[in-house]
Amino acid sequence: MIVSLMDQYSEELNGIFQALADPTRRAVLGRLGKGPASISDLAKPFDMALPSFMKHIRFLEDSGLILTRKEGRVRTCAIERKRFAVVEAWLSAQRVLWEGRTDRLEQFVTTAQKKEKSK
């Protein structure tokens, strides 16, 4: 199940995690978590030219993490919450996998300690 889930979402996950790897893009997503915002509002806190900032916006849009729409001369961005379900599914599968491994490790250590005490 876990392998098939990883195979199924591998390409999507690569793009999403690559988008999340950049601190500027994470900050934009953090701001958009509070609600939609215009490109100019999103760009204000960053010390970079607008064309450079737009590369980050395009990357987030291409990865499916945000949606943009243009109304007149203003382009507004909003977070695409459904896209985060792919990440959540992958993280949940990883959590199950690693919890099982740590549970088995704990059981092994406990058994070994009991055996050592009984000697």
Please tabulate, for the side chains in residues 78-85, all donor-acceptor contacts under 3.5 angstrom to protein atoms that are two or more places apart in sequence or on a different chain.
unit_1: E80; atom_1: OE2; unit_2: K82; atom_2: N; d: 3.4
unit_1: R83; atom_1: NE; unit_2: S63; atom_2: O; d: 2.8
unit_1: R83; atom_1: NH1; unit_2: E12; atom_2: OE1; d: 2.5
unit_1: R83; atom_1: NH2; unit_2: S63; atom_2: O; d: 3.0

For a quick test of your reading: what N or O donor-acceptor pairs under 3.5 Å do the side chains of residues 50-59 make, sequence neighbours left out?
unit_1: H56; atom_1: ND1; unit_2: R25; atom_2: NH1; d: 3.2
unit_1: R58; atom_1: NH1; unit_2: M54; atom_2: O; d: 3.3

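Distance check: T76 OG1 to L67 CG gives 12.0 Å after rounding to the nearest 0.5 Å. How far CG of L65 is from SG of C77: 12.0 Å, rounded to the nearest 0.5 Å.
The stretch residues 16-43 participates, sequence neighbours left out, in these ring-ring contact (aromatic ring centres under 6.0 Å, His included) pairs: F17-W90. Pairs engaging residues 38-51 under the side chain to side chain donor-acceptor pair (under 3.5 Å) rule: S38-S40, S38-D41, D41-K44 [sequence neighbours left out].
Criterion: ILVMFWY side-chain heavy atoms under 4.5 Å apart, direct or through other members. Under it, V28 and V74 are not part of a common hydrophobic cluster.
Of all non-hydrogen atoms in L32 and A37, the two that sit nearest each other are CD2-N, 3.8 Å.
Applying the side-chain contact (heavy atoms from CB on, under 4.5 Å) rule to R75 yields the partners I39, T68, K70; only residues at least two apart in sequence or on another chain are considered. Looking at residues two or more places apart in sequence or on another chain, you find a side-chain contact (heavy atoms from CB on, under 4.5 Å) between E88 and S92, R95.
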